[in-house]
*Asks:* 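So that we are looking at the same thing, I have put the structure below in structure tokens.
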Amino acid sequence: MKNITSKDEAFQARIDAGEKIEPKDWMPEKYRKTHIRQISQHAHSEIVGMLPEGNWITRTPTLRRKVGLLAKVQDEAGHGLYLYSAAETLGISRDELFHQLHTGKAKYSSIFNYPTMTWADIGAIGWLVDGAAIINQVMLTRTSFGPYARAMVRICKEESFHQRQGYEIMLTLCEGTPEQKAMAQDALNRWWWPSLMMFGPRDEESPNTEQSVKWKIKRKTNDELRQQFVDITVPQAKVLGITIPDPDLKWNEERQHYDFGEIDWDEFWQVVKGNGPCNKERLQARNDAWNNGAWVRNAARAHAEKRAAQAEVSEAG
Amino acid sequence: MKGNPIWEVFIRSKNGLEHRHVGSLHAEDAKMAMENARDVYTRRQEGVSIWVVESKNITASNPSENGEMFDPAKDKAYRHPTFYDLPDELEHI
Ligand SMILES: [Fe+2]
Ligand SMILES: [Fe+2]
């Protein structure tokens with residue numbers, strides 16, 4: 001028992017000294033499990049996150065918008081792949097990770113359970129949803145687990161284009177006809193609060209935060225990140241000339257931050273529990289993609305076997 | 001699932017630099033691993049050369065043996081230039 005404690009202490013000392021933890025290093029079981037859960041949830045979010053935007057790829061207003069959106073959605077697939085491979089370094093298989101997603105056992109970011117009803121939603125997602133993700137992910141580039149931190153560096157390099165393409169969509173709409181501007185406002189109205197929810201429950205409702213901060217999995221709390229997002233985003237809405245749907249939003253001179261209204265936590269927990277507008281649809285779409293893709297996986301296997309057999313024959317000859 | 005092994009991906013970002021490990025992926029064989037690596041890791045011209053190696057073919061040192069492995073080099077300061085005492089006025093050495 002004493003021995004175990006001292007191993008834990010030595011591990012904490014490494015973290016405190018700012019050392020990175022690599023996959024083959026000794027680590028507490030809880031550190032491993034927490035990372036598998038967090039990295040895989042993050043990976044699932046990237047993958048499911050392709051669905052709401054994928055919905056508009058065939059209906060973009062211009063070719064310029066189409067290549068941009070297509071490249072963004074393709075990046076999100078890449079992000080999912082970087083993260084799945086980071087999770088696998090901790091000893092869980094890709095098949096198990098997919099299984100957890102497809103059976104609904106694994107969670108992913110609740111934001112992707114909201115529908116994309118108009119073209120303006122694609123602008124709002126890039127601006128707000130990727131914007132919120134960037135704040136979280138920039139923090140995670142300094143997380144203590146090496147493979148996760150490295151995946152985050154790669155991802156952050158790609159994210160800023162995502163947010164800029166979204167903001168440009170919003171800007172174009174806001175400079176357009178009154179109807180187009182109203183569309184942008186409507187999208188902001190629907191995406192603002194869910195975007196704030198992306199940072200998770202309030203600190204006092206988030207029991208894992210303390211351990212996560214101690215292990216440097218998180219370097220800032222949910223509420224700190226949420227405040228940072230609000231402070232950055234309010235001036236961006238002003239440039240667009242649209243209004244954030246929060247009557248309590250105002251600059252607090254003393255705090256040097258924006259005060260903002262209370263999030264509807266009932267809605268948050270409802271969506272987390274599976275009762276959001278699109279939870280069922282998203283899970284179904286992932287299952288369909290997996291099942292309908294079986295022939296591709298089988299064909300790849302058959303092709304590899306055929307190629308290996310041909311190589312053997314030509315070597316023998 | 002049987003098969004579909006993990007491959008480690010190494011990329012040379014430009015000629016003159018070494019290949020660097022960038023991550024891993026799954027593929028049925030080396031050729032498909034190469035194609036996947038191109039799509040997953042070089043969407044923005046991140047490289048001019050790719051290596052893929054099936055993960056099981058890598059032999060890694062064990063971090064719990066880092067003491068025996070790396071400590072012997074610790075007390076050999078004489079392998080470094082500053083170990084040798086030379087007069088300050090001496091130049092180009
Ligand atoms: Fe992403
Ligand atoms: Fe993104």
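Just so it is clear, the model here is predicted, and its values are computed rather than measured. Below, chains carry the letters A, B, ... as their sequence lines are ordered, and counting in each starts from 1.
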*Asks:* Please tell me if the side chains of A:Tyr82 and B:Val22 come closer than 4.5 Å, counting only heavy atoms from C-beta onward.
*Replies:* no
*Asks:* Look at atom NE2 of B:His19 and say whether more than 12 heavy atoms of other residues, nucleotides or ligands are closer to it than 6.0 Å.
*Replies:* yes
*Asks:* Before accepting this row, confirm whether a basic side-chain N of the pair A:Lys306/B:Asp29 lies closer than 4.0 Å to the acidic partner's carboxylate O.
*Replies:* no
*Asks:* Let me confirm one number: the OG-CD distance from A:Ser85 to B:Glu8, rounded to the nearest 0.5 Å.
*Replies:* 8.0 Å
*Asks:* Nearest heavy-atom pair of A:Ala304 and B:Glu28: which atoms, and what distance?
*Replies:* CB-CB, 3.7 Å
*Asks:* Out of curiosity, A:Asp25 CG to B:Asn66 CG, how far, rounded to the nearest 0.5 Å?
*Replies:* 7.5 Å
*Asks:* Among B:Gly23, B:Ser24, B:Ser55, which residue has the highest count of heavy-atom pairs closer than 4.5 Å to chain A?
*Replies:* B:Ser24
*Asks:* Can you tell whether the side chains of B:Arg44 and A:Glu158 come within less than 4.0 Å, N to carboxylate O?
*Replies:* yes
*Asks:* After noting the C-alpha distance and the side-chain angles of B:Lys31 and A:Arg307, does the key distance pass the side chain to side chain contact (heavy atoms under 4.5 Å, CB included) rule?
*Replies:* CA-CA 10 Å; B:Lys31 190 157 186 285; A:Arg307 216 144 46 186; 3.3 Å; yes
*Asks:* Show the atom names and distances, to 0.1 Å, of all donor-acceptor pairs under 3.5 Å that link a side chain in residues 36-48 of chain A to residues at least two apart or in another chain.
*Replies:*
from, atom 1, to, atom 2, distance (Å)
A:Gln38, NE2, A:Tyr148, OH, 3.3
A:Ser40, OG, A:Ile36, O, 2.6
A:Ser40, OG, A:Arg37, O, 3.2
A:His42, ND1, A:Tyr148, OH, 3.0
A:His42, NE2, A:Glu46, OE2, 3.4
A:His42, NE2, A:Gln137, OE1, 2.8
A:His44, ND1, A:Tyr84, OH, 2.8
A:Ser45, OG, A:Gln41, O, 2.8
A:Ser45, OG, A:Ser109, N, 2.8
A:Glu46, OE1, A:His79, ND1, 3.4

*Asks:* Quick one: pull up CG in A:Leu81 and CG in B:Asn36 and give me the separation to the nearest 0.5 Å.
*Replies:* 8.5 Å
*Asks:* I'd like to know whether CD of A:Glu29 has more than 12 heavy-atom contacts from other residues, nucleotides or ligands below 6.0 angstrom.
*Replies:* yes
*Asks:* For A:Phe98, is it the side chain, the backbone, both, or neither that has a heavy atom closer than 4.5 Å to a heavy atom of chain B?
*Replies:* neither
*Asks:* Quick check on the interface: out of A:Arg150, A:Gln74, A:Lys157, A:Lys24, who has the most heavy-atom pairs with chain B under 4.5 Å?
*Replies:* A:Lys24
*Asks:* Just checking B:Arg20: does its CZ atom have more than 12 heavy atoms from other residues, nucleotides or ligands closer to it than 6.0 angstrom?
*Replies:* no
*Asks:* Could you tell me which non-hydrogen atom of B:Ile6 sits nearest to which non-hydrogen atom of A:Glu88, and how far apart they are?
*Replies:* CD1-OE2, 3.7 Å
*Asks:* Heavy-atom count check: over 12 atoms from other residues, nucleotides or ligands less than 6.0 Å from B:Lys56 NZ?
*Replies:* no
*Asks:* If I compare all heavy atoms of B:Arg43 with all of A:Asp75, which pair ends up nearest, and what's the gap?
*Replies:* NE-OD1, 2.9 Å
